[in-house]
Amino acid sequence: MVAYSDVGVRLWQLSLGDLAPTAPVRINDREAVLVDLAGVIRRFDLATGAVVWQGNAGSDVNVSPAAGAGLIVIMDRGGTTTAYEQTTGQRRWNVDMQGAAATVIGDTVVVIQDQTAHALLTTTGTHRWVRPIFGTLTDMEIFAGQIVVATKSESVILRGTVSSRSSWARC
């Protein structure tokens with residue numbers, strides 16, 4: 001991975017053991033986390049590229065991590081979703097769930113598995129609620145304090161329940 005300034009000057013380079021199929025995810029203004037295909041997790045300094053800590057998910061990873069509430073959430077292709085402490089990289093909890101996307105909002109981690117949104121407590125990974133998502137997932141983001149799940153056919157706002165739907169016009 002290589003970092004450049006806004007005028008194209010090379011700032012630093014971080015060697016990876018494998019390809020990183022997704023972009024780094026910011027933890028705060030100074031640091032980000034990157035997971036490569038081999039499952040190596042690196043928390044690093046954005047200004048210098050220095051690795052703060054490094055760990056291993058134990059399986060291949062091809063989905064972007066999620067960060068928030070002091071956690072980094074990794075979804076591996078072995079079928080496990082694991083939460084790590086942001087500051088130390090120590091594992092906090094894991095659940096048998098092959099996630100396609102995740103986000104953290106407040107004290108909840110929302111993981112999309114198949115066509116279902118699973119809300120897990122940040123502290124323990126215990127299920128809070130489960131809701132169906134209809135259609136093929138394209139993205140999930142937090143917008144205006146709410147979780148928005150986009151599929152090829154609609155967008156859904158989640159607040160513990162499916163609160164509203166917006167269908168996309170079909171061409």
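Side chains are part of it too, since the values below use all heavy atoms of this structure and drop only hydrogens, waters and symmetry mates. FYI, the numbering just counts along the sequence from 1.
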Q: Report the C-alpha distance between Val40 and Leu16 in whole Å, list the side-chain angles of each, state the deciding distance to 0.1 Å, and finish with yes or no for side-chain contact (heavy atoms from CB on, under 4.5 Å).
A: CA-CA 9 Å; Val40 177; Leu16 305 177; over 6 Å; no

Q: Test Phe44 against Trp53 for ring pair (Phe, Tyr, Trp, His ring centres under 6.0 Å), laying out the working first.
A: CA-CA 7 Å; Phe44 64 94; Trp53 60 257; over 10 Å; no

(Q) For Met97 and His127: C-alpha separation, side-chain torsions, deciding distance, then whether side-chain contact (heavy atoms from CB on, under 4.5 Å) applies. (A) CA-CA 11 Å; Met97 184 180 303; His127 270 85; 3.7 Å; yes

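Two different hydrophobic clusters hold Leu121 and Leu71 under the rule that ILVMFWY side chains link at heavy-atom gaps under 4.5 Å. Using a 4.5 Å cut-off between side-chain heavy atoms of Ile, Leu, Val, Met, Phe, Trp and Tyr, with links allowed through other members, Val63 and Val110 fall into different hydrophobic clusters. By the criterion of side-chain heavy atoms lying less than 4.5 angstrom apart, applied directly or through intervening Ile, Leu, Val, Met, Phe, Trp or Tyr residues, Leu34 is not grouped with Val73; the two fall into different hydrophobic clusters. Both Met1 and Val51 belong to a common hydrophobic cluster when Ile, Leu, Val, Met, Phe, Trp and Tyr are linked at side-chain heavy-atom distances under 4.5 angstrom. Under the 4.5 Å side-chain heavy-atom criterion for Ile, Leu, Val, Met, Phe, Trp and Tyr, Val111 and Leu137 are members of distinct hydrophobic clusters.
Between the side chain of Thr151 and the backbone N or O of Phe134, at least one donor-acceptor pair lies under 3.5 Å. Checking side-chain atoms of Trp129 against main-chain N and O of Ala117 turns up no donor-acceptor pair under 3.5 Å. Gln90 contributes no side-chain N or O that, together with a main-chain N or O of Tyr84, makes up a donor-acceptor pair within less than 3.5 Å. A distance-only check finds no donor-acceptor pair linking the side chain of Arg26 to the backbone of Ala67 [under 3.5 Å]. Judged by distance alone, the side chain of Asn56 and the main-chain N or O of Gly58 form a donor-acceptor pair under 3.5 Å.
Between the CD atom of Glu85 and the CZ atom of Arg91 there is a distance of 12.0 Å, given to the nearest 0.5 Å. Interatomic distance, Leu37 CG to Asp18 CG, rounded to the nearest 0.5 Å: 5.0 Å. Ile157 CD1 to Ile147 CD1: the interatomic distance, rounded to the nearest 0.5 Å, is 11.0 Å. Within the model, atoms CG of Asp96 and CD of Gln113 stand 9.5 Å from one another, a figure rounded to the nearest 0.5 Å. Residue Tyr4 holds its OH atom at 4.5 Å from CZ of Arg10, rounded to the nearest 0.5 Å. Considering OG1 of Thr81 and CD of Gln98, their distance stands at 8.5 Å, rounded to 0.5 Å.
Around atom CG of Asn28, more than 12 heavy atoms belonging to other residues, nucleotides or ligands sit under 6.0 Å away. More than 12 heavy atoms of other shown residues, nucleotides or ligands fall within 6.0 angstrom of atom CZ in Arg77.
Between Asp36 and Leu19, the shortest heavy-atom distance links the atoms CB-O, 3.2 Å. When every heavy atom of Ala102 is checked against every heavy atom of Ala66, the shortest pair comes out as O-CB, 3.6 Å. A pairwise comparison of heavy atoms in Asp45 and Glu31 identifies CA-CG, 4.3 Å as the closest pair. Taking each heavy atom of Ile142 and Val104 in turn, the nearest pair found is CD1-O, 3.0 Å. Smallest separation of non-hydrogen atoms from Gly125 and Leu120: O-CD2, 3.5 Å. Residues Arg128 and Asp107 share a closest heavy-atom pair of NH1-OD1, 2.7 Å.
With contacts defined as side-chain heavy-atom distances shorter than 4.5 Å, the pair Ile27/Arg43 qualifies. Side-chain contact between Met75 and Val61: absent, with no pair of heavy atoms (C-beta onward) separated by less than 4.5 Å. Proximity of Val148 to Met140: side-chain heavy atoms (C-beta onward) are nowhere separated by under 4.5 Å. Side-chain contact between Pro65 and Thr22: present, with at least one pair of heavy atoms (C-beta onward) separated by less than 4.5 Å.
In this model, no donor atom of one side chain and acceptor atom of the other lie less than 3.5 Å apart for Thr82 and Thr80.
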